[in-house]
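Written out below as structure tokens is the structure these notes cover.
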2 protein chains.
Amino acid sequence: MLPEEPPEEPEHWKEIIKDFNDAIMPGITHWHSPQFHAFYPTGNSYASIVGNILSDGLAVVGFSWMASPACTELEVITMNWLGKLLGLPEEFLNCSSGPGGGVIQGSASEATLVGLLVAKDKTIRMHQKDNPDLDGDMFKPKLVAYTSDQCNSSVEKAGLLGSMKMRLLKADSDGRLRGDTLAKAMEEDRAQGLIPCYVVANLGTTGTCAFDPLDELGPVCSEANVWLHVDAAYAGAAFMCPEYRHLMKDIEYADSIVVNAHKWMPVNFDCSAMWVKNGYDIMRAFDVQRIYLDDMKNNMKIPDYRHWQMPLGRRFRSLKLWTVMRIYGAEGLRKHIRTQISLALHFAKLVRADDRFLVEPEPCMGLVCFRLKDGDMITKQLLDNLTKKKKVFMVAGSFRTRYVIRFVICSRLTTENDVNYSWSKIKEEADIIYADKVHTKPQIPAINQILSREICEKSK
Amino acid sequence: MLPEEPPEEPEHWKEIIKDFNDAIMPGITHWHSPQFHAFYPTGNSYASIVGNILSDGLAVVGFSWMASPACTELEVITMNWLGKLLGLPEEFLNCSSGPGGGVIQGSASEATLVGLLVAKDKTIRMHQKDNPDLDGDMFKPKLVAYTSDQCNSSVEKAGLLGSMKMRLLKADSDGRLRGDTLAKAMEEDRAQGLIPCYVVANLGTTGTCAFDPLDELGPVCSEANVWLHVDAAYAGAAFMCPEYRHLMKDIEYADSIVVNAHKWMPVNFDCSAMWVKNGYDIMRAFDVQRIYLDDMKNNMKIPDYRHWQMPLGRRFRSLKLWTVMRIYGAEGLRKHIRTQISLALHFAKLVRADDRFLVEPEPCMGLVCFRLKDGDMITKQLLDNLTKKKKVFMVAGSFRTRYVIRFVICSRLTTENDVNYSWSKIKEEADIIYADKVHTKPQIPAINQILSREICEKSK
């Protein structure tokens with residue numbers, strides 16, 4: 001629908017907006033439709049868009065304090081604000097007396113990789129201190145990272161990108177990585193001469209929103225002197241509401257935490273909020289000097305953020321976090337989270353009232369996983385049919401080797417009526433499938449077993 | 001100036017805009033002031049801002065084709081447009097019959113690191129093919145990357161982040177990495193059992209905008225079967241003008257190229273345009289599957305861009321590239337580049353007319369390096385004084401171990417009058433320094449020698 005060659009002469013906005021409507025809009029998957037229930041949400045609000053317009057208008061690159069002092073300073077302030085709002089321990093904040101602080105990364109993927117690279121650097125330095133002749137290069141292949149088999153793909157990818165073996169340990173039947181599983185894995189590796197280096201705990205897994213118990217994993221990491229990174233990309237936003245903070249009990253054990261403000265808060269991508277307990281660890285790992293970057297100061301209270309991230313360049317991203325936190329206020333943000341959770345519970349109630357369906361596991365945050373009792377094959381058929389009809393968008397997950405459909409409250413515009421509508425479409429489709437099936441009942445158990453195995457293989 | 005605690009209740013835009021003006025604006029380093037001549041430019045235009053507003057309004061996450069088809073498809077189209085505009089060989093484009101294609105990365109830092117990680121993966125697979133028992137982990141520490149000592153800090157950092165030894169080879173007296181230097185370094189390493197893996201050639205170094213000769217480096221890489229990445233972050237935009245394409249002669253040897261559309265084109269950060277000759281190389285290195293990411297297709301013509309980058313998430317960044325290319329047209333973009341180059345030449349003329357100053361090396365693109373003939377110390381003093389007065393902003397560089405001041409035409413709003421004004425400020429400051437010096441002439445040569453050594457150490 002668009003030409004293959006770039007335009008030689010300037011064009012008018014009218015033509016561009018016409019093409020936007022005719023050629024772009026029909027190809028959009030509408031993440032902010034009230035019937036979008038796939039993946040996890042991505043943030044969007046007028047407050048955030050205006051913040052971004054201000055940022056784009058200024059168009060400064062804030063790699064160092066001097067390159068635009070306000071860009072660094074507002075990031076320090078808003079990251080402290082957000083940390084306080086989430087109830088993070090003070091040691092993670094830049095306003096504490098220690099070397100902790102927050103930084104905005106582009107994505108949780110980036111934050112997890114940053115954590116891994118810093119853990120690698122720190123572990124090598126630690127061992128070289130005890131053994132000055134140690135060859136860092138020969139030592140690196142011995143380092144091991146751990147997470148659960150329920151982790152987001154980006155965690156596994158961090159291992160791939162950071163050249164560190166990433167063991168995906170078996171979660172328990174509730175999707176949680178347990179302390180004894182981690183301790184045992186570390187012990188096995190140590191017995192083989194390997195060195196535990198990095199652990200990623202998941203607070204709100206992508207598949208079923210399970211929470212790893214930090215009160216079990218924390219002490220194991222602490223005793224082994226291993227970097228504990230907490231991936232709370234989606235669910236972390238709920239810690240704004242005190243009633244959910246028990247889910248991050250013992251967060252004090254963490255060395256770094258990531259919460260995507262651009263996921264469940266109404267902040268546009270990209271705004272991945274990361275806190276570390278010791279900023280010097282990052283700076284030591286990432287500092288590369290140049291004469292043209294030489295400026296007049298460098299201290300922890302006003303960080304040069306280029307040493308806190310992988311790239312050199314960075315936008316003024318804290319502006320949108322600032323406008324959102326001020327326009328909504330803490331109470332507005334909490335209300336957003338609570339509304340979305342109550343909508344998810346409303347959906348679960350609807351599903352449970354239909355005895356062909358099963359909700360499993362217990363709904364958590366804005367996520368409800370459900371399936372047809374008659375098995376994986378028919379559940380998959382239900383999802384495939386709904387996807388083809390494009391009225392409701394959901395994706396698959398797996399729970400205890402069973403194929404489930406993930407239903408997430410994503411849009412901040414979703415109302416109870418919208419949830420009722422989505423459910424009516426799901427129910428309608430189930431009715432059609434069951435009507436078709438009357439004459440051809442399949443051998444469900446056998447097929448299920450084959451499919452379950454397939455799912456397990458794929459999700460590894 | 002801003003409160004330490006986040007606001008509990010919603011606030012009004014009026015208050016936010018007031019704080020924006022009172023607390024943020026005074027702390028801004030104005031990258032788009034016509035007197036901003038530091039670093040290299042960063043893009044900014046109304047066309048780009050509107051593109052971003054459209055992107056923020058849609059707020060889709062385009063990690064796979066299905067997650068928003070138009071987001072992937074417009075990126076393919078605009079990257080083909082830009083590739084054609086720059087005169088890149090067809091094999092780098094997605095519209096060729098081969099597996100080449102473009103992708104928008106967040107920064108050149110990211111692109112360079114992506115190149116390095118893919119080169120590592122490819123080299124290991126290549127060697128494992130010949131030797132199936134080869135232990136990839138033990139093999140990795142033997143891999144070596146090469147670039148010139150004039151590379152951007154992000155290139156050195158890519159080695160650090162990607163755990164690969166990055167040798168900064170000595171550039172010639174014009175700041176160019178020569179073919180024989182590279183060949184010799186590879187030979188030395190091979191003699192020690194190491195394996196050359198990745199080369200970053202710089203087309204337009206950050207220090208002095210020097211161009212590495214691809215016609216020398218290309219054949220060396222090709223013969224050694226080593227991945228050649230071309231960092232043309234700033235100067236690459238000039239290839240839109242045919243009269244500068246000789247500077248990328250033999251680009252056919254490259255495996256990947258990066259040009260920051262957000263640097264010298266009026267596109268807002270972040271929009272780092274990267275092309276690769278073989279997209280399968282990236283996909284093989286970066287593919288991590290999950291059931292919830294499972295969708296219906298995967299082919300090279302419509303890539304799932306999550307396999308082309310480090311993070312999972314990605315914004316709809318091609319919209320701003322699209323609006324800029326259409327609002328300016330190719331002729332508007334070429335005019336922008338040519339105007340900026342002519343302004344740089346105008347500045348060089350002004351400097352040369354003052355016999356206290358020296359322009360060195362020859363001006364290139366929008367960059368003019370200059371110094372006082374009386375030495376490094378006095379040149380540094382000139383820059384320090386100007387920086388303190390905050391009327392003109394420039395940063396230091398070094399050329400042939402001498403301290404130079406880098407003057408870059410950055411803002412797209414800069415006119416000849418603005419350049420005259422900047423020069424008048426520089427001249428004024430030089431007058432003041434020389435007036436002060438009349439009675440206290442320093443021992444210039446000795447001090448210079450000390451300082452030069454310091455600069456050399458620092459810039460390593």
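Numbers restart at 1 for each chain; the letters A, B, ... are given by sequence-line order, proteins then strands. From a predicted model like this one, the values you see are computed outputs, not experimental measurements. All values below were derived from every heavy atom in this structure, side-chain atoms included, with hydrogens, water molecules and symmetry-related copies excluded.
Residue contact with chain A, scored on non-hydrogen atoms closer than 4.5 Å, involves the backbone and the side chain of B:Ser163 alike. For chain B, the nearby part of A:Met25 is the side chain; its heavy atoms alone come within less than 4.5 Å. Using a 4.5 Å cut-off between heavy atoms, A:Lys165 does not touch chain B at all. Of the two parts of A:Thr42, only the side chain, counted from C-beta on, holds a non-hydrogen atom closer than 4.5 Å to a non-hydrogen atom of chain B. Of the two parts of A:Trp322, only the side chain, counted from C-beta on, holds a non-hydrogen atom closer than 4.5 Å to a non-hydrogen atom of chain B. Heavy atoms of A:Arg314 lying under 4.5 Å from chain B belong exclusively to its backbone. Interface residue A:Ile77: only side-chain heavy atoms are found under 4.5 Å from chain B. Residue A:Leu333: no heavy atom, backbone or side chain, is found under 4.5 Å from chain B. Only the side chain of A:Leu74 comes within less than 4.5 Å of a heavy atom of chain B; its backbone N, CA, C and O stay farther away. Looking at B:Asp19, the atoms closer than 4.5 Å to chain A (heavy atoms on both sides) sit in the backbone and in the side chain alike. Using a 4.5 Å cut-off between heavy atoms, A:Pro26 does not touch chain B at all.
In this structure the side chain of B:Asn80 never reaches within 4.5 angstrom of the side chain of A:Glu4, judged on heavy atoms. Contact check for A:Ile53 versus B:Ile53: side-chain heavy atoms found under the 4.5 Å cut-off. Proximity of B:Gln309 to A:Ser109: side-chain heavy atoms (C-beta onward) are nowhere separated by under 4.5 Å. Put simply, the side chain of A:Ser153 does not reach to within 4.5 Å of the side chain of B:Arg306, judged on heavy atoms. When side chains are defined from C-beta on, A:Ile327 counts as touching B:Ile16, because their heavy atoms get closer than 4.5 Å. Side-chain contact between B:Met310 and A:Glu110: absent, with no pair of heavy atoms (C-beta onward) separated by less than 4.5 Å. Between B:Lys140 and A:Lys140 there is no side-chain heavy-atom pair separated by less than 4.5 Å. Two residues are said to be in side-chain contact when any heavy atoms from C-beta on lie closer than 4.5 Å; A:Thr323 and B:Phe20 fail this criterion.
Per-residue heavy-atom pair counts under 4.5 Å with chain A were compared for B:Asn268, B:Asn260, B:Val61, B:Val60, and the maximum is reached by B:Val61. Between chain A and the residues B:Ala47, B:Gly62, B:Cys71, the largest count of heavy-atom pairs under 4.5 Å involves B:Ala47. The candidate with the highest count of non-hydrogen atom pairs below 4.5 Å against chain B, out of A:Thr72, A:Leu117, A:Leu113, is A:Leu117. Between chain B and the options A:Glu11, A:Glu331, A:Arg326, heavy-atom pairs under 4.5 Å are most frequent for A:Arg326. Comparing B:Gly57, B:Ala158, B:Pro141, B:Ala108 by heavy-atom pairs within less than 4.5 Å of chain A, the highest count is held by B:Pro141. Interface check for chain B: of the options A:Arg334, A:Lys142, A:Glu73, the most heavy-atom pairs under 4.5 Å are formed by A:Arg334. Taking A:Phe269, A:Phe36, A:Tyr328, A:Phe393 one by one and counting their heavy-atom pairs under 4.5 Å with chain B, the maximum is reached by A:Phe269. Ranking A:Leu82, A:Leu85, A:Val50 against chain B, the residue ahead of the rest is A:Val50, based on heavy-atom pairs under 4.5 Å.
The heavy-atom pair separating B:Lys157 from A:Pro311 by the smallest distance is NZ-O, 4.1 Å. For B:Phe316 against A:Ile28, the heavy-atom pair with the smallest separation is CE1-CD1, 3.8 Å. Taking all atoms of both residues into account, the shortest heavy-atom contact from B:Ala59 to A:Asn44 is CB-ND2, 3.5 Å.
Taking CD1 of A:Ile24 as the start and OG of B:Ser68 as the end, the distance is 10.0 Å to the nearest 0.5 Å. For the atom pair CD1 of A:Ile49 and CG of B:Leu54, the computed distance is 10.0 Å after rounding to the nearest 0.5 Å. Taken from CD in A:Glu5 to SG in B:Cys95, the straight-line distance is 8.0 Å, to the nearest 0.5 Å. In this structure, NE2 on B:His30 lies 8.0 Å from CG on A:Leu58, to the nearest 0.5 angstrom.
Ion pair A:Asp56/B:Lys320 not flagged as a salt bridge, since none of the NZ, NE, NH1 or NH2 atoms sits closer than 4.0 Å to an Asp/Glu carboxylate oxygen.
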